[in-house]
Amino acid sequence: MGRVMEIVEETPYRFRIDPRDDMRVPGIAFVSRALLPDSGADKWLEQVANVATLPGIVDASYAMPDAHWGYGFPIGGVAATAVEEGGVVSPGGVGFDISCGVRLYAADLTRDELAPLKAALMDGLGEATPRGMGTGAVWKLAGRDELEDVLMGGSRYAVQEGHGTQRDLDRCEDFGAVADADARQISDRAMERGLHQLGSLGSGNHFLEVQAVESVHDEAAASAFGLRVGQICVMIHCGSRGLGHQICTDHVKTMESAMPSYGISVPDRQLACVPVRSPEGASYLGAMAAAANYARANRQLLGEATRRVFSRVTGRSLELVYDISHNLAKLETHGGRELCVHRKGATRALPPGHGDLPADLAPHGQPVLIPGSMGTASYVLRGVVGGAAFASTCHGAGRLLSRHQAIKTVDGTALQARLESAGIAIRGASPRGLAEETPEAYKDVDEVVAVAEGAGLATRVARLVPVGVVKG
DNA sequence: ATGTAC
């Protein structure tokens with residue numbers, strides 16, 4: 001399980017790995033004793049230390065409370081590099097599922113009002129949501145030219161084509177699309193994979209979930225976000241499908257061969273990286289931005305399909321609370337310097353008053369959407385003044401068992417029966433897919449979120465519980 | 001996460 005790391009407890013919610021060997025900065029993990037492996041030997045802690053060796057990294061290599069082992073970087077990792085000081089960009093710091101993220105809708109409907117319609121709603125959502133490893137998708141794109149429009153315009157293009165409203169875009173990170181997308185940096189293979197998957201959930205931990213607001217922790221913020229106790233919500237968690245995956249694969253390969261020419265060596269080949277200010281760095285960031293726009297359009301399309309079903313079955317509407325990604329690198333200004341902030345399984349959490357927030361949300365801070373594991377709670381948090389890790393927080397419960405271990409632990413069919421008897425409707429999930437996502441395979445989301453709040457990364461706004469789930 | 005390996 002990797003070498004034993006020496007950990008210094010700075011506070012009950014902040015642990016430090018001091019620089020050693022080639023580390024340029026310390027590692028900082030925002031965890032509790034309960035979330036830290038007993039022996040200090042866990043592969044993700046070693047990964048935190050490895051990331052600290054990257055050229056140009058500033059302040060620290062950070063781990064969020066839900067951190068666990070990932071490709072090169074830990075999932076739940078945050079690292080920023082100084083762009084004008086040789087700072088690098090690494091696809092491993094973004095992840096294979098570029099701009100994977102979450103969107104949350106609030107319904108004009110209570111849990112009690114839904115009860116007699118729940119089965120019909122879940123049936124409708126099950127039928128309307130393409131999912132799994134196949135190629136079914138909501139939007140049949142006209143061809144590569146239209147795919148390029150999506151890659152450049154993200155949710156804005158989807159709305160322009162009639163798939164949503166301006167109000168939706170007001171509640172999206174980056175108002176629906178990131179700048180500087182460059183479709184020319186995407187291989188033919190990645191384009192082909194993206195052509196037939198726009199408006200599809202995928203598999204793994206991706207899901208569409210009908211939820212109910214169980215409790216509100218911050219009345220003012222909840223009200224501004226459009227949330228109240230007893231209300232029905234819909235959460236959609238998905239990403240950039242095969243397109244993002246192929247882009248990551250392509251650019252890791254390119255960087256592996258380019259790295260020596262920049263004199264960069266890394267302790268793990270999965271940390272392949274190049275300077276942000278290099279042809280390969282610019283190429284990756286352009287392709288990554290295009291994949292991010294694809295992921296946003298993907299969530300917009302699935303949201304529109306959800307709205308149609310919701311309206312038909314319940315006669316009620318869905319208002320977007322927010323859409324935020326948790327796998328992305330962004331060029332941001334912090335402390336007067338331009339930084340390339342990698343967030344991998346970590347969520348941006350802008351503080352109250354931040355200029356990138358829409359006016360109605362600005363007094364309260366950015367909504368942070370935390371999907372729990374299947375059958376457990378999810379949370380809405382908000383960003384705080386004086387946060388840490390470049391205004392970042394956790395992204396979910398965080399895995400405890402590998403998919404392989406999870407399958408050995410539970411039987412998918414039995415798990416489905418258990419969830420259904422707990423009042424959680426399941427549609428479309430394969431037994432194996434369910435077993436991989438069993439709650440026992442994840443950390444306790446309540447503990448993760450409590451630590452995020454204790455560490456001063458974000459504060460709780462509302463806790464949501466599952467009513468029904470559509471999975472791949 | 002992923003046409004679960006090119």
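Lettering of chains follows the sequences in order, A, B, ..., and the numbering in each one begins at 1. All values reported here derive from a predicted model rather than from experimental measurement. Any value given below was found using the heavy atoms of this structure, including those in side chains, with hydrogens, waters and symmetry copies removed.
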Looking for any heavy atom pair under 4.0 Å, which part of the strands does G239(A) touch: base, sugar-phosphate only, or nothing? nothing

How is R399(A) classified with respect to the nucleic acid when contacts are heavy atoms under 4.0 Å: base, sugar-phosphate, or nothing? nothing

At less than 4.0 Å, is any side-chain N or O atom of S203(A) found next to OP1 or OP2 of dT2(B)? Yes or no. yes

Using a heavy-atom cut-off of 4.0 Å across all strands, would you classify E192(A) as base, sugar-phosphate, or nothing? nothing

Sequence neighbours excluded - side chain to side chain donor-acceptor pair (under 3.5 Å) pairs with any residue from residues 240-250 of chain A: D97(A)-S240(A), S187(A)-D250(A), R193(A)-Q246(A), S200(A)-R241(A), Q246(A)-D250(A)

Working for ring pair (Phe, Tyr, Trp, His ring centres under 6.0 Å), residues Y322(A) and F225(A): CA-CA 8 Å; Y322(A) 207 63; F225(A) 295 176; 8.1 Å; no

For the pair made of NE2 in H206(A) and P in dT4(B), what is the distance, rounded to whole Å? 16 Å

What orientation do Y157(A) and W139(A) show, parallel under 30°, tilted 30 to 60°, or perpendicular over 60°? parallel

Could you tell me the separation between the CZ atom of F96(A) and the C1' atom of dT4(B), rounded to a whole number of Å? 12 Å

Less than 4.0 angstrom between a side-chain N/O of R403(A) and OP1 or OP2 of dT4(B), yes or no? no

How many whole angstroms separate atom CD of Q246(A) from atom P of dA5(B)? 14 Å

Here the distance between atom P of dT2(B) and atom OH of Y71(A), to the nearest Å, is 17 Å

Rounded distance (Å) that lies between atom C1' of dC6(B) and atom CG of D250(A): 13 Å

Whole angstroms only, please: what is the CD-C1' distance between Q405(A) and dT4(B)? 17 Å

In whole angstrom, give the distance that lies between atom NE2 of H245(A) and atom C1' of dA5(B). 11 Å

5'-most contact on DNA chain B (nearest-nucleotide basis), R432(A) vs E437(A), goes to E437(A)

Should the heavy atoms of other residues, nucleotides or ligands under 6.0 Å from CZ of R24(A) be counted, would the total exceed 12? yes

Within this structure, what is the CG-to-C1' distance between L201(A) and dT2(B), rounded to whole angstrom? 14 Å

Please enumerate all residues that pass side-chain hydrogen bond (donor to acceptor under 3.5 Å, both in side chains) together with H395(A), with sequence neighbours excluded. D66(A)

